[in-house]
Amino acid sequence: MNKPIHITSEIGKLKTVLLHRPGKELENLMPDYLDELLFDDIPFLEQAQVEHDRFAQLLRDKEIEVLYLEDLAAEAIADPEVKAAFIEEYLDEANIRGTELKALIHDMLSSMTDMRELIDKTMAGIQKVELPELKNKGLADMIESDYPFAIDPMPNLYFTRDPFATMGHGVSLNKMYSVTRRRETLYGKYIFKYHPRFKDADVPLVYDRTETTRIEGGDELILSKDLLAVGISQRTDAASIEKLAKNIFDKNLGFKRVLAFDIGSERKFMHLDTVFTMVDYDKFTIHPEIEGDLTVYSISQGENGELDIKEEHETLENILNKYLGINNVQLIRCGGNNLTAAAREQWNDGSNTLTIAPGEVVVYDRNPITNKKLEEAGVKLNYIPGSELVRGRGGPRCMSMPLVREDI
Ligand SMILES: NC(=O)NCCC[C@H](N)C(=O)O
């Protein structure tokens, strides 16, 4: 049987990918709470969906199987017992004040018979005004603040790159940095455990959402079948990378080494893939700020199974030459050589390319300088609009989780 997860590079021809079409969760964004919800503005949902549909159709036109998180999650909880367990866990993690309110919402969700509607509702969040019974049952005192939500939305779900990361035949089911995104990983837990496509494939988990230290998929890059690159960033703790490496080696995923790149903890460089992506055998997009000497920790498995960790100070070219055997590394600078353009286009995810085959990528049309540099380097570009989607600070790589790629 073909494995449902097979990822041995960043550039192998993409065969199956997981997306989430932005839903009502974007209409539960409010200016007062943008910071906690990790958004810089409020997208126009209908236009964001038009843009996202263009993205999905472009992938289908390239014979890539497009799966949606919301469909897999709905199919995973089809069994009544699994549905009940999902609702319990979802409510436990939803930070609901008051037992009555929780019981009311539990009944509302449990009575839903369409699993897709149930999943959509759990993603969108629940406004208190959706629970008119609250007033009737004298629970009005539960509305003790003008905070409008009984359960918060999860607006970052369309960035399917981060809650879990596929590598080899396995999955890193992540512990996310922020409370708002931590809840997103529950869908992955149920999909890999109960969905027919995955449950009998014994998908090895090399990280778990219950871990104490954080890691996000935007920091996890599969540079080859032997080599993983992970960013130490605002979102990913160094300790998590040690745990990930130990699990990867112990579960024989096939990787021989993990390179941890320290990219600092600024939000604009929130993940390694916002400043560095692989677009061809020897071509990489980068942000100028990660050129020059980098601090890299090279992690491999020692004779007795312990981790062997070496600190290195090297340029990216030398690191890629040494560990990937690439002689003529081509670094394609986001924004060209202009610092202002680099800042603008990195902010709008000019470096965050999704590679769909060696030398072929999907990019936002809104970063013309970076796109021109990619074209001049001989990379084939497929453009998608991103005016609304980018307001969540993510690009084509952020909005996709590859499940199957051809080997290179
Ligand atoms: N891999 C990525 O760079 N994902 C982008 C995530 C954007 C989201 N608003 C966040 O802050 O987590």
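When a ligand or atom number is given, it counts from 1 through the structure's own listing order. Reckoned from all heavy atoms, side chains included, excluding hydrogens, waters and symmetry mates. The chain is numbered in sequence order, starting from 1.
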Taking only heavy atoms of [X], which atoms of ligand 1 are found under 4.0 Å from at least one of them?
X    : result
T274 : 3 (O)
D162 : 1 (N), 2 (C), 4 (N), 5 (C), 6 (C)
C398 : 1 (N), 2 (C), 3 (O), 4 (N), 5 (C)
M270 : 6 (C), 7 (C), 10 (C), 11 (O)

Under 4.0 angstrom from ligand 1, any heavy atom of F39?
no
Heavy-atom nearest pair, E89 first then Y190, reads OE1-OH, 2.7 Å
On a heavy-atom basis, which atom in I332 and which in A377 lie closest, and how many Å separate them?
CD1-CB, 3.7 Å
Using a 4.0 Å heavy-atom threshold (strictly under), name the region of D349 that reaches ligand 1: side chain, backbone, both or neither.
neither
Is L38 touching ligand 1 with its side chain, its backbone, both, or neither, if touching means heavy atoms under 4.0 Å apart?
both
Within the structure, does [X] bring an N/O atom to less than 3.5 angstrom of an N/O atom in ligand 1?
X    : answer
R161 : no
D273 : yes
H271 : yes

Donor on one side chain, acceptor on other, [X] and [Y], under 3.5 Å:
X    : Y    : result
Y207 : T213 : yes
T8   : D407 : yes
Q57  : D61  : yes
E312 : Y323 : yes
T210 : D208 : yes

Closest protein heavy atom (residue, atom, distance) for atom 8 (C) of ligand 1
N156 OD1, 3.1 Å
Can you tell me if K225 has over 12 outside heavy atoms packed within less than 6.0 Å of its NZ?
no
Closest to atom 12 (O) of ligand 1 by heavy-atom distance, out of R267, R235, R393, is R235
Given G218, G392, P163, which has its nearest heavy atom closest to atom 7 (C) of ligand 1?
G392
Checking salt bridge (charged side-chain N to carboxylate O under 4.0 Å, His left out) against E211, which of K246, K243, R182, K175 comes through?
K243
